[in-house]
Amino acid sequence: MRFHAVFFDVGETLVHPVPSFPELFAMVLAERGYDRDGSDVAAASAVVRRRFSDAARTDDRWTLSPERSRAFWVEVYREMLETLGLPSQDGLRVALYERFTQLSSYALFDDVAETLDRLDQVVSTLGIVSNFEAWLDVLLDALDVRDRFDVRVISGLEGVEKPDPAIYRLALERAGVEPECVVFVGDNPEFDVDPPARLGMVPVLIDRHHRYPEHEGHRIDDLRSLPSLLETL
């Protein structure tokens, strides 16, 4: 095995809202008396990735404090609610923010534990590099996987966000590995493919929702495919 480490993104790579982001969003709406189908919410949720991209472009480091995070997500939810034809001034945004910051709203994907077990047998270091608020560390502990990762670089704790090269270099430094010996796995090409590739890491796109069928690089739709893929790289 040529690789010494595997780094992961977290949101929608290892961890997801329960039962999913659109479904949980729709559940909160239903609790407030608004009926919207999960597929409608899924379409409206395109704004999330756009806002991630906009924040990176404008250097709006939204994960670095609870205040910044709240402002970011409340604005995201406002746009989504407007797209869904719903009011954004009756407490809905706050209700959504509160639900999506509860630890109980998250779970590991079904393929994570098995994959980590297999990777432990073939690489020396597992790590995470995530744009996430500081409470991600607590969430990973609650999900019983925090100690599976020797390296944890969480933007809300480190003061730097993807796609800034510094966040990936920090993970490399802590792992004590050269970039060409690292595989980086994530669901967003803008943050998890292009930047680590520029540093010399080998990116693998986890495309669970088949958003990127034309992706020309390494692409999987189930994390359990990763150990076998590593043997071929």
Side-chain angles (χ1 to χ4, degrees), residues 1-16 52 56 61 63-64 103 106-208 217-220 222-231 233:
M1 178 69 68
R2 60 173 280 206
F3 299 107
H4 298 162
V6 178
F7 296 159
F8 295 92
D9 172 52
V10 175
E12 295 300 330
T13 297
L14 301 176
V15 170
H16 66 99
F52 284 165
R61 294 181 290 177
T63 64
L64 302 196
L103 299 185
Y106 294 88
L108 296 174
F109 283 104
D110 291 341
D111 53 9
V112 171
E114 177 183 338
T115 301
L116 296 181
D117 287 342
R118 292 175 62 190
L119 290 175
D120 272 337
Q121 300 174 26
V122 295
V123 298
S124 58
T125 301
L126 298 177
I128 60 166
V129 182
S130 180
N131 280 3
F132 213 109
E133 297 88 344
W135 56 269
L136 174 59
D137 209 43
V138 180
L139 174 61
L140 294 174
D141 190 42
L143 296 173
D144 293 325
V145 292
R146 180 182 182 274
D147 293 338
R148 301 295 301 267
F149 301 104
D150 309 288
V151 173
R152 296 185 298 279
V153 180
I154 300 168
S155 62
L157 293 173
E158 307 295 348
V160 61
E161 290 182 352
K162 297 186 290 187
D164 188 329
I167 195 169
Y168 311 95
R169 292 193 182 108
L170 183 57
L172 291 169
E173 178 184 337
R174 289 182 180 174
V177 293
E178 296 299 320
E180 60 270 18
C181 298
V182 178
V183 169
F184 197 103
V185 184
D187 70 304
N188 188 323
E190 183 176 4
F191 300 123
D192 305 317
V193 173
D194 298 334
R198 283 194 289 269
L199 291 175
M201 290 182 267
V202 177
V204 174
L205 180 68
I206 175 75
D207 190 12
R208 297 182 182 279
H218 305 299
R219 173 178 170 269
I220 57 177
D222 189 300
L223 213 57
R224 285 169 288 223
S225 302
L226 182 62
S228 297
L229 175 63
L230 298 189
E231 295 176 0
L233 299 180

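All residue numbers in this chain count up from 1 along the given sequence. Heavy-atom basis, side chains included; hydrogens, waters and symmetry copies ignored. A quick note: this is a predicted structure, and the numbers were derived from the prediction, not measured.
Leu226 is listed as a side-chain neighbour of Val6, based on a closest heavy-atom distance under 4.5 Å.
Using a distance-only test at 3.5 Å, with no hydrogens or angles considered, a donor-acceptor pair links the side chain of Asp111 to the main chain of Leu223.
Listed by first and then second residue, the ring pair (Phe, Tyr, Trp, His ring centres under 6.0 Å) pairs involving residues 124-148 are Tyr106-Trp135, Phe132-Trp135 (not counting sequence neighbours).
Judged as a salt bridge (charged side-chain N to carboxylate O under 4.0 Å, His left out), and not counting sequence neighbours, Arg118 has no contacts. Judged as a salt bridge (charged side-chain N to carboxylate O under 4.0 Å, His left out), and not counting sequence neighbours, Asp194 has no contacts. Judged as a salt bridge (charged side-chain N to carboxylate O under 4.0 Å, His left out), and not counting sequence neighbours, the contacts of Asp222 are Arg224. Partners of Asp120 by salt bridge (charged side-chain N to carboxylate O under 4.0 Å, His left out), not counting sequence neighbours, listed by chain and number: Arg148.
The existence of a salt bridge linking Asp9 and Lys162 is confirmed by a sub-4.0 Å separation between a basic side-chain nitrogen and an acidic carboxylate oxygen.
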Atom pairs and distances, side-chain donor-acceptor, residues 197-205, under 3.5 Å, sequence neighbours left out:
none

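In this structure, CG in Leu233 is found 4.5 Å from CG in Leu229, a value given to the nearest 0.5 Å.
Counting all heavy atoms, side chain and backbone alike, Glu180 lies closest to Arg2 at O-NH2, 3.4 Å.
The neighbour count for Glu173 CD, taken as heavy atoms of other residues, nucleotides or ligands under 6.0 Å away, does not exceed 12.
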